[in-house]
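Presented below is the structure to which this report refers.
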Amino acid sequence: MNFEIKYKDALGRIGKLKTPHGTVETPVLMPVIHPGKQTIDVKKYGADMVITNAYIIYKNEELKNKALENGVHKLINFNGPIVTDSGSFQLSEYGDIDVNNREIIEFQEKIGTDIGTSLDIPTPPYVKRERAEKELEITLERAEEAINVRGNLMLNSVVQGSTFPDLRAKCAQIIGKMDFEVYPIGAVVPLLENYKYMDVLDIVMSSVQYLPPSRPRHLMGAGHPMIFAFAVAIGCDLFDSAAYILYAQDDRFMMPDGTYKLENLTHMPCSCEICTDYTPQDLKNMKKEERMKLIAAHNLNISFAEIRRIKQAIINGNLLELVENRCRSHPYLLNALRGLKKYKSVMEEYDPAYKKSAFFYSGPESLNRPEIYRHLKRLERLPKKDKLVLLPSFKKPYSKNIKNILLNNPEMENVDDLTGKLYKIHNSSDNDLEYGDSVQLAVMDYPFGIIPLEIDELYPLAQNEAPSCLDEDSKIFIRDTLSNYMKNFCEIIISEKVIKKFDLDFKFKEYEKPLEISLNDINKIEYIADYQFGEGSGKALFTGNINIIKSRKTGKIRHIHDGDVLIATLRASDGIFVLSMEGAKRLHNYLEYPQNRVVVNGDSEPFAREGKSIFAKFVIDCDINIRANEEVLIVNENDELLAYGKSLLNGHEIMDFNVGQAVKTRKGGK
Ligand code: GUN
Ligand code: ZN
């Protein structure tokens, strides 16, 4: 296996792709090199990997002989990894080519390509289903043939299926089971040329969901920097650009927010050396060839800069914020951004559960982010209560500030200041329904909807910012969220401020009884544990002679002991529990197999017990619901607890990868 993941955010990853001519970091942009015609040294501008066309070489006697004699690296004068395409694109442009699948694969192997491509059929978008099915059959046959023909050549197998999501999914499933090193997504060029980004989204998502997460994916023909961030966020790792030169030939500057024509420029668009050394007038005065090279250099500069920006965003955990910004530069990109709503659940699966950076709300599209979807799902893990009390938002962290307002005042006179009048609604038409009076106290705010006060310091419920000026979509979102959540309670008591802020029009009655509310630390730690590990985990973890130790400086909960024995530490940065060995034992006792577990084989057991990190290749089973960056249990095949640590990948990735780390072990049980 040639690929491993180093960092993750949304469906995007920073990875290492190993090839015979070196290892490259993904996401990677491969400039297209025209064999024989190339005049620009792409390496100078930051290219670590390039793509060229084996069919063009094969068709030209002189190039062919040179390539067979000295190899493709000498031919195009590039000593890093080279991908070659097979002529499929020529097939789609000209309808016919005179080489077959076997020949072109053997040829690519002979000329020393790092990653070759089989002769897939790029079925255009919007064709009749019959054609897409027929051509897909051929693509699949050729994929199988490619596997049999190749020796050591690393291979691309391209996902086809036109604009039929089920055909893309079928193709991805079938070729995904064969042992290809890279899975490009093909035949999207006509869509990109026509700004059909929503269709690109549907094609990529229906492919990526069914491709093995352990292999990189190449969005073929996507060379404009305005799509890179979006494409990375939905799971694409490789890009190729012929655009840098094609646009330059046409006097067009590529920018992450669109394309600028030289004839319209009075000022240069960026800060690269071309844009600072020359004025638009200088360029207009030049000979075409000279000007073309300079604009191509700018196009490469800006494209590589965008890739770097994306990588940093993945490391920071704010890739989707970059995407939201980029997608505002074209209405059709915005359309695709809105389309992510359809894929919330897959996105949530691959998105790390805890991140370094705060959640910034940039507009209604942020409501579709995985953090919000995950929060609403995890609320279901909390202890069930009879009544729900909904307070308006105020200064974060809410629980810290409400304690002073509410609980220090036995008469609770100040409740009115905070909440205004209170109203209630019975969830049942039968008002005589018997129910207890256990209460969940929550703040109603956007974009996270309902925030029980016990968990209000947990990531990202405290680590988020949204404009105080509310938009209509958020109001609708809050109303939908509430009407869903209300079903879990017999009675809902709500502040008039919440009703007004979100224009709630449920049938409320005035609530006149006094309201007993208590927030205590035991509830708090139990809620956090339930939210983090699953229902009931809090009670299982925190039994015995519980002793809560707080920071003297901040007053925040730091450590939980049973007598003298540490169970868990609440991490200040994101408010989640990091277990101790005792905590891990208790959780292991409580949660049934395979919940929250990563299972390692016998060879790896001693290393795990020593506290060494867990490599994916030693994992034989795991809880498929694990997300990256969660606190997980490490067990052997008899479900004996060996160690505990932080997952670096999600459950599917842990199972699929067999290189790289899966769990960063915190402590082994020896
Ligand atoms: N280049 C752009 N699109 C495609 C495609 O679908 N297949 C191949 N092999 N190359 C491409
Ligand atoms: Zn520039």
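Computed from a predicted model, the values in this text were never measured in an experiment. Order of listing sets the numbers, starting from 1, for every ligand and every atom in it.
- Residue Asp85 has at least one nitrogen or oxygen atom sitting less than 3.5 Å from a nitrogen or oxygen atom of ligand 1, judged on distance alone.
- Between Tyr195 and His330, the angle of the ring planes stays under 30°, which puts this pair in the parallel group of the 30/60° scheme.
- The pair Lys74-Glu69 fails the salt-bridge criterion, with no side-chain N (NZ, NE, NH1 or NH2) lying under 4.0 Å from an Asp/Glu carboxylate O.
- For the residue pair Thr117 / Asn156, a side-chain donor-acceptor distance below 3.5 Å is found, with atom types taken as modelled.
- A salt bridge links Glu365 and Arg328; the closest N-O separation between the charged side-chain nitrogens and carboxylate oxygens is under 4.0 Å.
- In summary, Glu130 and Lys134 do not engage in a salt bridge, as defined by a charged side-chain N under 4.0 Å from a carboxylate O.
- Annotation: protein N, O or S atoms under 2.8 Å of the Zn ion (ligand 2) (waters excluded) comprise Cys270 SG, Cys272 SG, Cys275 SG, His298 ND1.
- The shortest contact between atom 2 (C) of ligand 1 and any protein heavy atom is with Phe89 CD1, 3.6 Å.
- Less than 4.0 angstrom separates some heavy atom of Ala187 from each of these atoms of ligand 1: 3 (N), 5 (C), 6 (O).
- Cation-pi geometry between Arg129 and Phe164 is met: the NZ or CZ atom falls under 6.0 Å from the ring centre, inside 45° of the normal.
- Met220 SD, 3.5 Å is the protein heavy atom nearest to atom 4 (C) of ligand 1.
- Side chain to side chain, Asn316 and Gln312 meet the donor-acceptor criterion of an N or O pair below 3.5 Å.
- Judged by the 6.0 Å distance and 45° axis criteria, Lys43 is positioned over the aromatic ring of Phe78.
- The ligand atoms of ligand 1 that sit less than 4.0 angstrom from a heavy atom of Gly186 are 5 (C), 6 (O).
- At a heavy-atom distance under 4.0 Å, only side-chain atoms of Asp120, from C-beta outward, approach ligand 1.
- For the pair Arg252 and Tyr260, the NZ or CZ position fails the cation-pi test of under 6.0 Å to the six-membered ring centre and within 45 degrees of the ring normal.
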